[in-house]
Amino acid sequence: MSRARPVVAIDGPAGAGKSTVTQRVAAALGYFVVDTGALYRTVALVTERAGIDFEDAEHVGELAEALVARDAVKLEGDPHGGSRVILDGADVSGAIRTQSLSQGASKVSAQPRVRAALLELQRSAGRAGGVVLEGRDIGTVVFPDAEAKIFLTASVEERAKRRFEQLVAAGSDADIESVRREVVERDQRDSTRPIAPLRKAADALVVDSSQLSIDQVVARIVAHVRDVASKLGSG
Ligand code: DC
């Protein structure tokens, strides 16, 4: 299908700066943000609230399918880079950002039924174009035909440091060593799972943010998307 405006896929490991970069790129272009990690986090939140183990594939699978079947989860974006997750009418955007749900999301996202349940939701959120989707498998599985694919990465040290600073800013008493361990553990799980592992799409532009400022990363990606968009005849 040809789109007037591109689908922009931004994939990469935890802590590479995807969320900030995605929001800023979307705001610069007037595109909508689709934070796909928020969907896995919401499944983890519902799992935790139900007292189900994150690795109980049967029950977590049922739960994810039920959430989608009753249209309980909505991603709400705006053209200024904002995005919220609504669960049964309640804004859970803040509630899904705990360390426990980071690990939980990583565990539930390794389950095929969960991924299958969330796939169409992600596709319908992005299909029209003019969107920036942030995730792990957007360029490889969700939108293999995305017009612009970016693989945003950074060294483990840099990513752990950034995650730690985010947690501290959010009032958590995290320690840097445990944050580093969790980054490594999550990378390992996300990139070795049998289904839709984290990996770079063959045609993705790799941006390593270790030595770049956010402004430089955003500028590089925006320039790339504008270039792609101009070839689609939009701009
Ligand atoms: O980007 P994030 O930290 O909010 O993602 C939470 C977890 O969800 C992450 O550990 C991997 C998983 N995830 C995924 O498997 N596929 C995606 N497209 C997005 C996130």
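In what follows, every heavy atom counts, from backbone to side chain, and hydrogens, waters and symmetry copies are set aside. As the structure lists them, so they are numbered: ligands from 1, and atoms in each ligand from 1. Being a predicted model, the structure only gives us computed values, none of them experimental. Residue numbers run from 1 in the order of the sequence given.
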- prompt: Does an N or O from Y40, backbone or side chain, lie closer than 3.5 Å to an N or O of ligand 1?
  reply: no
Looking only at protein heavy atoms, what sits closest to atom 20 (C) of ligand 1 is G37 CA, 3.5 Å
Going by the 4.0 angstrom heavy-atom rule, the piece of K107 near ligand 1 is neither
Can you tell whether the side chains of K18 and D11 come within less than 4.0 Å, N to carboxylate O? no
Logged contact type for R189 with ligand 1, heavy-atom cut-off 4.0 Å, is neither
Ranked by distance from atom 16 (N) of ligand 1, the top protein heavy atom is R115 NH2, 3.0 Å
Per-atom filter on ligand 1: closer than 4.0 angstrom to a heavy atom of G135 are 17 (C), 18 (N), 19 (C)
- prompt: Does a side-chain heavy-atom distance below 4.5 Å link L63 with H59?
  reply: no
- Decide whether S100 and E48 meet the rule of one side-chain donor and one side-chain acceptor closer than 3.5 Å. yes
The protein heavy atom nearest to atom 11 (C) of ligand 1 is D190 OD2, 3.6 Å
closest protein heavy atom to atom 7 (C) of ligand 1 is A105 CB, 3.6 Å
Same cluster (ILVMFWY, side-chain, under 4.5 Å), I150 and V141: no
Looking only at protein heavy atoms, what sits closest to atom 12 (C) of ligand 1 is S109 OG, 3.4 Å
Taken to the nearest 0.5 Å, the spacing of I86 CD1 from E76 CD works out to 4.5 Å
- Query: Heavy atoms, side chains only, cut-off 4.5 Å: are D137 and V142 in contact?
  - Reply: yes
Note: ligand 1 atoms sitting under 4.0 Å from heavy atoms of R163 are 3 (O)
Output yes when the distance from some N or O of ligand 1 to some N or O of S102 is under 3.5 Å, and no in every other case. no
If you scan protein heavy atoms around atom 19 (C) of ligand 1, the nearest is T36 OG1, 3.4 Å
Decide whether an N or O pair under 3.5 Å exists between D137 and ligand 1. yes
re atom 4 (O) of ligand 1, the protein heavy-atom contact at minimum distance is R41 NE, 2.6 Å
| query | Hey, does R186 have a side-chain heavy atom less than 4.5 Å from the side chain of R163? | reply | yes
For atom 17 (C) of ligand 1, the closest protein heavy atom turns out to be R136 N, 3.4 Å
Ligand 1 and E134, any nitrogen or oxygen pair closer than 3.5 angstrom?
no
So for S106 against ligand 1, with non-hydrogen atoms under 4.0 Å, the contacting part is both
Are the side chain of K149 and the backbone N or O of V8 linked by a donor-acceptor pair below 3.5 Å? no
To the nearest 0.5 Å, atom CG of L45 lies from atom CZ of R97 at 11.5 Å
| message | If hydrophobic clusters are built by linking Ile, Leu, Val, Met, Phe, Trp and Tyr wherever their side-chain heavy atoms come under 4.5 Å apart, do V46 and L119 end up in the same one? | response | yes
Note: R193, heavy atoms under 4.0 Å from ligand 1, region reported as side chain
Using modelled atom types only, decide if a donor and an acceptor are shared between the side chain of R41 and the backbone of I96 within a distance under 3.5 Å.
yes
